[in-house]
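Let me begin by presenting the structure, written as structure tokens, before commenting on it.
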Amino acid sequence: MAARRAKLKNICDLGIDPWGQRFDGRSFIGEIRARQYEIKFKTSAGELIDAPEFVEGLDMRSWKQERGGGDLVGPAVRAAGRIVLHRDTGKLQFIDIQDWTGTIQLFVGKNQVGEENWKLIENLDLGDLIGVDGELKMTMRGELSIFAEKIYLLTKTIEPPPAKHVGLVDPELRQRLRYIDLAYNAESRQRFLNRTKIVQSIRRTLDENQFVEIEGPTLHSIAGGAAARPFETFHNALGMNLFLRIALELHLKRLMVGGLERVYELGRVYRNEGISPRHNPEFTMLEVYQAFGDYKSMMDLTESLIANASKAIGLGTQISWGEQQLDISIPFARRPYHELLAEHTGVDPFAERALKDYAQAIGLTVAGKHIDVIKNEIFEERVEEKLVGPVFVTDYPASICPLTKRKQDDPTIAERFELFVCGIELANAYTELNDPDLQQKLFKTQLAGLPAEESMAKMDHDFVRALRNGMPPAGGLGVGIDRLVMLLTNSQSIRDVILFPLLRAETGNPEHE
RNA sequence: GAGGACGUAGCUCAGUCGGUAGAGCAACGGACUUUUAAUCCGUAGGUCCUGGGUUCGAGUCCCAGCGUCCUCACCA
């Protein structure tokens, strides 16, 4: 770093601003590379012919000789990027620069740029951001290059980059120093750009179906809508305890009472739970509500959201995730909860004694637990991991779904589905419960065996009042966006798709050089 | 929260039985106007995560702590 500090001073002594200025009129490197067909060869007879396509082992010198000599002429271009590779052959340097569309080689000769500019070039380092004016041509080996006429320093770097080609490998540093990971690991940069494309695609699909996006409160006085422990905070002026939201559900449903018939929110929720390859304390959730729909309308919507998102990043219906090969063509399979339970455990899902025996046999405790809680623990323990899918699991036991409408002909079954892919729950949807009296009753019903903090049954009087004012029958959907991105970008850890996952505070002093 | 693995140069990693701290890349000096991870010659670079302990002697063995990863638990 001392060497870079010395070069920084040299640059200042040359009267050059090491931190750069606005740099107008540059093109992205990807666009510049696409202009290679504009390169022509001017024969000694003055005739213009097409330059050769680049192939491995191309020897421009003999190619030129075969045509009786002459010179390449190419378009004038301006590029900007980070120096990622550097080959110094004395009075001639080859510098590879990279922007977010690609990399290109600069051909930089002392005679071509002049003494003055060369003094700057001698003080450049890997990692520095530079601009270039030059002619797009090919070298003797046929490598597409910008033949520099002038190099501009756009920003000096003080810290050295990670090993070239290898990039940052240490997963801690990749997360903690995400800027370096993004700058030097192209596949990481691409993954996060794909995340953006997926999110854009989701919004587009919803917008095309007349859904409107809203912004609900993230500070809640009652952390409802899901079963999770909340983060707590405090508002000083109001002297009020508050929770960071754990779900989007209850405010979106209030909006449906207000006549926003198709509404969604795509935003951050916070759960004060453990961290794992599938869990980050803050994560991105999509919730969608459609008046006069039901959980089956949400299945169709879920399918088009995923199909379009896959298309948006250039994937088809066959994708791989780790070792798994998946067919995500629609429609996805639809299987009832009880059927899957019976299939994977061999237990009659309605035989209480057999369920309890089975639960105990696989090491679950059953004492004091509601039979549906036991049943669901068996399902989570033995069935979910087998659902490679994608598969919609439908018709859950009503008692574990306090926000869901019951089936008309069977009040013990809730109109709900969860979508599983590779054993991971990607989405969860209901036909929304809109009966205020039943909702109030369910908020009061604490299922045996579930601690209060893990229950969805948190009384929210204002929400019940909203229902008394008429919420239309509706379908509602929740999608774990980070997990969807994991699936579509073949990422095994949620931290690979969250730019800045939660880490412990750094103990050392980052200011120390 | 429990268990396991890991932590050595800016980065990626070796380090044998406990006996002077190593390599590649990056950096610095030199040669080179068509290189492709350029090449060649030379130089410099260390809180071996931290703190204790055992030992004549610890990167190495023991204990504690910190951090990351993995598995499990909770959750989506």
Side-chain angles (χ1 to χ4, degrees), chain A residues 1-7 54 56-61 84-96 103 105-113 118 125-127 137-145 147 157-177 180 184 225-230 246-247 269-287 363 377 380-381 384 418-420 424-428 450-451 453-454 456 478-484 486 492-495 501 503-508 512-513:
Chain A
M1 240 171 330
R4 285 173 180 250
R5 290 278 181 200
K7 289 180 182 174
F54 174 70
E56 201 66 40
L58 175 67
D59 180 358
M60 274 304 292
R61 211 185 303 258
V84 291
L85 277 177
H86 176 240
R87 293 173 291 284
D88 183 351
T89 73
K91 296 186 180 64
L92 180 61
Q93 297 194 20
F94 297 90
I95 298 174
D96 290 6
T103 64
Q105 172 171 276
L106 310 185
F107 179 106
V108 187
K110 187 175 182 181
N111 295 339
Q112 288 81 348
V113 299
W118 193 253
D125 284 303
L126 289 178
K137 287 196 297 194
M138 282 167 158
T139 62
M140 287 301 178
R141 296 287 176 82
E143 175 82 17
L144 187 67
S145 306
F147 284 69
T157 51
I158 304 300
E159 297 205 0
K164 61 187 185 185
H165 307 294
V166 181
L168 267 195
V169 172
D170 183 331
E172 175 180 0
L173 295 181
R174 291 184 65 173
Q175 293 164 33
R176 217 178 267 290
L177 312 178
I180 299 178
Y184 295 100
R229 287 155 63 192
I246 59 170
V269 297
Y270 305 85
R271 297 190 181 177
N272 208 337
E273 308 275 359
I275 295 176
S276 87
R278 315 251 184 287
H279 302 269
N280 194 61
E282 54 177 313
F283 63 102
T284 301
M285 181 112 99
L286 167 71
E287 288 199 28
E377 286 180 6
E380 288 173 355
E381 186 72 23
E384 289 187 358
E418 291 196 353
L419 172 64
F420 284 89
I424 300 174
E425 186 196 332
L426 266 194
N428 181 15
L450 270 184
E453 65 195 7
E454 289 171 21
M456 278 199 235
V479 180
I481 296 299
D482 312 272
R483 288 180 173 181
L484 178 60
M486 282 171 68
Q492 304 304 303
S493 170
I494 199 167
R495 293 190 208 84
L503 295 171
R504 271 175 232 271
E506 204 169 359
T507 47
H512 182 257
E513 289 188 6

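Chain identifiers are assigned alphabetically (A, B, ...) following the order of the sequence lines, protein sequences preceding nucleic acid strands; residue numbering begins at 1 within each chain.
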Inter-nucleotide C1' distance (B/A58, B/C74), Å rounded = 42 Å

message = Output the rounded distance in Å from CZ (A/F94) to P (B/U36).
response = 9 Å

request  = Indicate, with a heavy-atom threshold strictly under 4.0 Å, whether A/D59 touches base, sugar-phosphate, or nothing.
outcome  = nothing

message = Could you tell me the Watson-Crick or G-U partner of B/C6, where both distances fall under 3.5 Å? Say none if there is no partner.
response = B/G67

inquiry  = If I pick the P atom on B/C11 and the same atom on B/G4, what distance separates them, to the nearest angstrom?
reply    = 29 Å

Atom P, compared across B/C6 and B/A64: separation rounded to whole Å = 16 Å

query = Quick one: which of B/G10, B/C69, B/U34 gets closest to the side chain of A/P160?
reply = B/G10

inquiry  = Just N and O in the side chain of A/K164: are any of them under 4.0 Å from OP1 or OP2 of B/C25?
reply    = no

message = I want to check one thing: is the phosphate of B/C28, taken as OP1 and OP2, less than 4.0 Å away from some side-chain N or O of A/K7?
response = yes

ask   = A/Q492 side chain N/O closer than 4.0 Å to the phosphate oxygens (OP1, OP2) of B/C70?
value = no

inquiry  = What's the closest nucleotide to the side chain of A/F283 if the choices are B/U36, B/U68, B/A76?
reply    = B/A76

inquiry  = Say we look at B/G24 and B/G65: how far apart would their C1' atoms be, to the nearest angstrom?
reply    = 34 Å

ask   = To the nearest Å, how far apart are A/L126 CG and B/A27 P?
value = 5 Å

Partner nucleotide, any strand, of B/U35 [Watson-Crick/G-U, under 3.5 Å] = none

ask   = Which nucleotide in the set B/U33, B/C11, B/A38 lies at the smallest distance from any side-chain heavy atom of A/L85?
value = B/A38

ask   = Taking C-beta and beyond as the side chain, do A/V84 and A/K164 meet within less than 4.5 Å on heavy atoms?
value = no

key: Residue-phosphate contact under 4.0 Å: A/R87 side-chain N/O, B/U36 OP1/OP2   = no

inquiry  = The side chain of A/E143 is closest to which nucleotide in this list: B/U35, B/A73, B/C69?
reply    = B/U35

key: Any donor-acceptor pair under 3.5 Å from A/E273 side chain to A/R229 backbone   = yes

inquiry  = Give me the distance, rounded to whole Å, that separates B/G22 from B/G46 when you measure between the C1' atoms they each carry.
reply    = 11 Å

key: Spacing of A/Q93 atom CD relative to B/U39 atom P, expressed in whole Å   = 15 Å

query = Between B/A26, B/U12, B/U35, which nucleotide gets closest to the side-chain atoms of A/S145?
reply = B/U35

remark   = Ranking B/U35, B/U33, B/A76 by distance to the side chain of A/I494, first place goes to B/A76

query = Is the distance from OP1 or OP2 of B/U35 to the nearest side-chain N or O of A/K91 less than 4.0 Å?
reply = no

note = By the Watson-Crick or G-U definition, both distances under 3.5 Å, B/A58 is matched with none

Pair assignment for B/A21, Watson-Crick or G-U wobble, requiring both distances under 3.5 Å = none

task = To the nearest 0.5 Å, tell me how far A/R141 CZ sits from A/M60 CE.
result = 13.0 Å

ask   = Roughly, in whole Å, what's the span from CD in A/E282 to C1' in B/A76?
value = 15 Å

task = May I have the distance from A/D88 (atom CG) to B/U33 (atom C1'), rounded to whole angstrom?
result = 11 Å

key: C1'-based separation of B/C62 from B/U54 [nearest Å]   = 7 Å

Among B/U68, B/A76, B/U34, the nucleotide that comes nearest once only the side chain of A/P171 is considered = B/U68

Separation of atom CE in A/M60 from atom C1' in B/U33, rounded to whole Å = 17 Å

inquiry  = Return the NE2 to CD distance between A/H86 and A/Q93, rounded to the nearest 0.5 Å.
reply    = 3.5 Å

query = If you measure from CD1 on A/I95 to OG on A/S145, what distance do you get to the nearest 0.5 Å?
reply = 11.5 Å

query = Between A/P161 and A/S493, which is nearer to the 5' end of RNA chain B once each is assigned its nearest nucleotide?
reply = A/P161

query = Could you give the distance from OH (A/Y184) to CG (A/L126), rounded to the nearest 0.5 Å?
reply = 7.5 Å

query = B/U60 and B/G19: how far apart are their C1' atoms, nearest whole angstrom?
reply = 11 Å

remark   = Partner of B/G46 under the Watson-Crick or G-U wobble criteria, both distances under 3.5 Å, comes out as none

query = B/C72 pairs with which nucleotide, Watson-Crick or G-U wobble, both distances below 3.5 Å?
reply = B/G1

task = Please report, rounded to the nearest Å, how far the P atom of B/A73 is from the CZ atom of A/R229.
result = 16 Å

ask   = Expressed as a whole number of Å, how far does the P atom of B/A14 sit from that of B/C61?
value = 15 Å

key: From B/C11, B/U35, B/U71, nucleotide with atom closest to A/T89 side chain   = B/U35

request  = Please work out if A/L168 contacts a base, only the sugar-phosphate, or nothing of the nucleic acid, heavy-atom cut-off 4.0 Å.
outcome  = sugar-phosphate

ask   = What integer distance in Å separates A/F107:CZ from B/U35:P?
value = 10 Å

key: B/C40 - base-pair partner by Watson-Crick or wobble geometry, distances under 3.5 Å   = B/G30

query = So, is A/R141 near the phosphate of B/U35, with a side-chain N or O under 4.0 Å from OP1 or OP2?
reply = yes

task = Using atom types as modelled and distance alone, determine if a side-chain donor or acceptor of A/R61 lies under 3.5 Å from a backbone N or O of A/M140.
result = no

ask   = Would you say A/R495 reaches B/C69's phosphate, i.e. side-chain N/O to OP1/OP2 under 4.0 Å?
value = yes

key: Value rounded to 0.5 Å, distance of CZ in A/F107 from NZ in A/K137   = 8.5 Å

key: Approximate separation, where rounding is to 0.5 Å, of A/I494 CD1 and A/T284 OG1   = 8.5 Å

query = Considering Watson-Crick and G-U wobble pairs with both distances under 3.5 Å, what does B/A14 pair with?
reply = none

request  = Determine: side-chain N/O of A/R176 to OP1/OP2 of B/U68, distance under 4.0 Å, yes or no.
outcome  = yes

